[in-house]
Amino acid sequence: MSLLIERARYLLSAHNARQLPPDLGAEVAFAGRSNAGKSSALNALTRQNALARVSKTPGRTQQLVFFQVTPEASLVDLPGYGYAKVPLDLQAHWQAFIDQYFRTRNALKGLVVVMDIRHPLKDYDRQMLGYAVQRGLPAHALLTKADKLGRGQQMQTLQKVRKELHSIFGDTVSVQTFSGESRQGVDEARAIIGGWLGLNPPAVEGAADAGPVGAA
């Protein structure tokens with residue numbers, strides 16, 4: 001489990017490719033519907049109450065928001081999708097920008113897709129996971145707001161989503177239950193993200209293959 005992730009601080013926001021930071025180090029992107037609990041997940045993972053507050057304001061939700069963990073590692077908050085009020089031309093801009101980001105960003109090491117456990121795997125969730133898989137990047141699904149369901153319902157949904165993800169993407173996408181409210185699953189998610197970013201301690205004997213994926 002990586003505790004370094006708690007050092008995350010707001011770095012910058014980018015509305016187009018020219019505003020992106022240098023394509024160096026390692027980045028993990030977070031995507032999710034506008035009501036899936038993405039901000040709460042980022043705050044729980046970093047143990048900060050308001051790190052992702054910028055994503056709740058109308059202007060910031062329309063940009064890629066970068067949070068620097070170390071000079072070589074960052075978290076990237078992608079625009080919340082599912083806004084009915086976003087003009088079509090802006091939707092087209094974001095579609096093109098995010099497509100370019102996924103196709104060309106060398107620093108991108110993995111994708112976390114945040115889904116409300118009560119409404120998982122919407123079409124856009126699958127599309128975002130597809131971006132990662134097409135690039136050969138690992139992806140991880142967080143079934144958030146797990147505290148809203150009983151343990152039995154959580155496990156039933158988890159198994160259903162895991163089966164569907166495997167049928168579509170094979171073993172490239174992992175999934176877990178998560179709650180920012182109760183901190184359920186925080187350590188598990190931190191370990192995966194920390195590995196992608198190269199933040200985890202050196203692997204112990206017998207776990208040599210548990211290191212970071214493509215870390216700089």
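Source: prediction; values computed, not measured.
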Legend entry - By salt bridge (charged side-chain N to carboxylate O under 4.0 Å, His left out) - contacts of D23 (at least two apart): R105

Legend entry - Test item: N200 side-chain N/O and A191 main-chain N/O as donor-acceptor pair under 3.5 Å: yes

Inset, instruction - Find out whether V175 and L143 are in side-chain contact, i.e. whether some heavy atom of one side chain is under 4.5 Å from a heavy atom of the other. - result: yes

Legend entry - For T104, side-chain hydrogen bond (donor to acceptor under 3.5 Å, both in side chains) partners two or more places apart: none

Legend entry - Test side-chain contact (heavy atoms from CB on, under 4.5 Å) applied to V28 and V112, step by step: CA-CA 7 Å; V28 170; V112 176; 4.0 Å; yes

Legend entry - Set of residues satisfying side chain to side chain contact (heavy atoms under 4.5 Å, CB included) with respect to A44, sequence neighbours excluded: F178, R183, V186

Legend entry - Expected output: side-chain Q154 to main-chain L149 donor-acceptor under 3.5 Å: yes

Side chains of residues 155-163: which donor-acceptor partners sit under 3.5 Å, not counting sequence neighbours?
unit_1, atom_1, unit_2, atom_2, d
T157, OG1, Q153, O, 3.0

Legend entry - side chain to side chain contact (heavy atoms under 4.5 Å, CB included) against D99, all qualifying residues, sequence neighbours excluded: R103, Y131

Legend entry - Distance, nearest 0.5 Å, that separates CG of L199 from CD of E6: 11.5 Å

Legend entry - Sub-4.5 Å side-chain heavy-atom contact between R190 and I193: no

Inset, instruction - Can you sort out the partners of D125 under salt bridge (charged side-chain N to carboxylate O under 4.0 Å, His left out), two or more places apart, ordered by chain and number? - result: none

Inset, instruction - Spell out, as yes or no, whether a donor-acceptor pair under 3.5 Å connects the side chain of K38 to the backbone of L78. - result: yes

Legend entry - Any residue meeting side-chain hydrogen bond (donor to acceptor under 3.5 Å, both in side chains) with S182, in chain and number order, not counting sequence neighbours: S179

Inset, instruction - Can you sort out the partners of Q48 under side chain to side chain contact (heavy atoms under 4.5 Å, CB included), two or more places apart, ordered by chain and number? - result: A8, R9, T46, L51

Legend entry - Contacts of type salt bridge (charged side-chain N to carboxylate O under 4.0 Å, His left out), residue R135, not counting sequence neighbours: none

Inset, instruction - With sequence neighbours left out, write down each residue that passes side chain to side chain contact (heavy atoms under 4.5 Å, CB included) with H119, or none if nothing qualifies. - result: D116, K122

Legend entry - Minimum heavy-atom distance A141-L165, with the two atoms named: CB-CD1, 4.3 Å

Inset, instruction - Begin with the C-alpha distance, continue with both residues' side-chain angles, and end with the deciding distance and a verdict on side-chain contact (heavy atoms from CB on, under 4.5 Å) for L142 and M115. - result: CA-CA 6 Å; L142 287 186; M115 303 179 237; over 6 Å; no

Legend entry - Minimal non-hydrogen separation, H140 against S174, with atom names: ND1-OG, 2.6 Å

Inset, instruction - Taking K109 for its side chain and N106 for its backbone only, find out whether a donor-acceptor pair lies under 3.5 Å. - result: yes

Legend entry - Side-chain (T172) to main-chain (F169) donor-acceptor, under 3.5 angstrom: yes

Inset, instruction - For residues 21-41, pull every pair meeting ring pair (Phe, Tyr, Trp, His ring centres under 6.0 Å), keeping only residues two or more places apart or in separate chains. - result: none

Legend entry - R118, CZ: over 12 other non-hydrogen atoms inside 6.0 angstrom: yes

Legend entry - Exam field: side chain Q184 to backbone D147, donor-acceptor pair closer than 3.5 Å: no

Legend entry - Close side-chain approach of L64 and Y101, heavy atoms under 4.5 Å: yes

Legend entry - Min side-chain heavy-atom separation L12-Q19 under 4.5 Å: no

Legend entry - Donor-acceptor pair, side chain of Q100 and main chain of A96, under 3.5 angstrom: no

Legend entry - Partners passing salt bridge (charged side-chain N to carboxylate O under 4.0 Å, His left out) against E181 (at least two apart in sequence or in another chain): none

Legend entry - Side chain proximity check, S40 to V114, heavy atoms < 4.5 angstrom: no

Inset, instruction - Side-chain contact test, heavy atoms from C-beta onward, threshold under 4.5 Å: evaluate it for R126 versus I168 and give yes or no. - result: yes

Inset, instruction - Spell out, as yes or no, whether a donor-acceptor pair under 3.5 Å connects the side chain of T144 to the backbone of A36. - result: yes

Legend entry - Heavy-atom check, side chain of V69 versus side chain of L75, under 4.5 Å: yes

Legend entry - W196 side chain reached by P138 side chain, heavy atoms, under 4.5 Å: yes

